[in-house]
Q: 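Quick one: structure below, then a few questions.
Counting starts at 1 for both ligands and their atoms, following the listed order.
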Amino acid sequence: MDNHEEEGKKFLDTVMYYYDKAAAHTNLPAGVLEQIRLCNSVYKVQFPVEIDGEIKNVEGIRVQHSHHKLPTKGGIRYSMSVSEDEVKALATLMTFKCAVVNVPFGGAKGGVKINPREHTEKTLEKVTRRFASELIKKNLIGPAMDVPAPDYGTGSREMAWIADTYMTFKHGDTGAQGCVTGKPIGLGGIRGRTEATGLGVFFGLREFFSFEDDTKKIGLSAGLKGKTVIIQGFGNVGYYSAKFLQEEGALVVGIAEFEGGVYDGNGLDIEELFKHRQHNKSILNFANATNIPNSGDLLEMTCDILIPAALENQIHEGNADKIKAKVIAEAANGPVTRDAEIILLKKGIVIIPDLYLNAGGVTVSYFEWLKNLSNVRFGRMGKRAEEKSYNRIVNALEDATGKKISIEERMELTQGADEEDIVRSGLEDSMITAYHEIREAMIQTPSITDLRTAAFYIAIRKIALSYQMMGIFP
Ligand code: GLU
């Protein structure tokens, strides 16, 4: 077993441990619990690609964890650390993630063993189109079957290649764009998908911090204003989480990336740091911030909220004891290993778990899929009608009060919802509702004492209900 395979196994063990821990609180039949736990299908393929004049074999994997609802859903990651167990762990998480936020999909995940940083755009396009073709050949992708999305190392560019490949094969199928989400807007993507995961992380944290009874238990006041935050990862998820938290008044004091970290006790200016990185290709040497050469050290520094927003297995038995944060907010999938979790919970640290906290991405993917099936932009049909009716209300108010409302005020009061407003509202509602369901489960089942177990518990029960409705068990 190479190191990546070992890491993948550790990750899968962790997810299974979390599942079993929650399943123990249900009284569901053992066979049902086993069915909900197991990966329903695993497809592994090796395909040849010509890279710089040489033929290389590339490995691709697609795991569909649960078919209790279709399509299955989950991203495709490009990384040298891709292994079967890693993809299985991620696919498993997707099933529970969808259930937690009431997205009617089963879980899936894919991976291609390739380092995107080492290859040209042309090569990446060839690899992506070929992997998509392999999935199409086996009927493993499609709007009603399995719908990939971006993940670590992929983005809207790769999704566009997949969509185009699929549409070439399925010419004439009106819903074909719904074969993949996270696409560019011009190709059936949706406004608000890019920032969705980070915005979801923000909504989740805001919900946790809205309950003073809960924040008091860890010695913190309610609200995010003034809370200190350290984030590992300044990719799409890390950046947007930081941006929305800062807008709410939190102080993002540290950011860790693979080249090292930056720390500023007065708070980093996230937009400026973003520009700095774009310009210098590194977050280091930023304004008044101190460089932290070993980015792992940032995880152990004092802060209220630590947000791992990179990869799995980052907080492990080797560093868990040194974590000083009061809240760990899992923006990444699987950042805390099972051994670490035991230590962290004992220390009284609250973990807001991945299967809830980073579910904003798949939630907005669901909206994108709905948009593709209906072939119409959200807001297109109703926006003007809404505006007309608000204008009538404002006119009536003016008549009744004899007071003239300024043009600016009128514009603000009468604006109808466009696609971005609708997406954000749907995301906000999904994150708030899910948090309340998780919190309620902890209140109703006092033997459950942490948010992860509560999230898995409600997800397992929802999935079991689907099987029950199908008549699989009485
Ligand atoms: N890759 C993301 C995740 O881990 C998004 C999945 C999706 O949108 O289907 O949740």
Q: Below 30° counts as parallel, above 60° as perpendicular, anything between as tilted: where do the rings of Y435 and Y356 land?
A: tilted
Q: Parallel, tilted or perpendicular: which describes the rings of Y239 and F234, with under 30° parallel and over 60° perpendicular?
A: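 It falls in the perpendicular class, over 60°.
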Q: Could you label the plane-to-plane angle of the F244 and F202 rings as parallel, tilted or perpendicular, counting under 30° as parallel and over 60° as perpendicular?
A: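 Taking F202 first and then F244, their aromatic rings sit tilted (interplane angle of 30° to 60°).
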Q: Less than 6.0 Å separating the ring centroids of H436 and F211?
A: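 Under 6.0 Å, so yes.
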Q: What are the distances between nitrogen or oxygen atoms of ligand 1 and protein nitrogen or oxygen atoms, counting only those under 3.5 Å?
A:
from     : atom 1 : to   : atom 2 : distance (Å)
ligand 1 : 1 (N)  : P150 : O      : 2.9
ligand 1 : 1 (N)  : D151 : OD1    : 2.7
ligand 1 : 4 (O)  : K97  : NZ     : 3.1
ligand 1 : 4 (O)  : K109 : NZ     : 2.8
ligand 1 : 4 (O)  : D151 : OD1    : 3.4
ligand 1 : 4 (O)  : N333 : ND2    : 3.2
ligand 1 : 8 (O)  : R193 : NH2    : 3.1
ligand 1 : 8 (O)  : S365 : OG     : 2.6
ligand 1 : 9 (O)  : K73  : NZ     : 2.8
ligand 1 : 10 (O) : K97  : NZ     : 2.8

Q: Side-chain polar contacts of residues 106-115 - donor-acceptor pairs under 3.5 angstrom, sequence neighbours left out - could you list them?
A:
from : atom 1 : to   : atom 2 : distance (Å)
K109 : NZ     : D151 : OD1    : 2.9
N115 : OD1    : R117 : N      : 3.0

Q: Kindly state whether the ring of F96 and the ring of Y19 have centres lying under 6.0 angstrom apart.
A: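 Yes; Y19 has its ring centre under 6.0 Å from that of F96.
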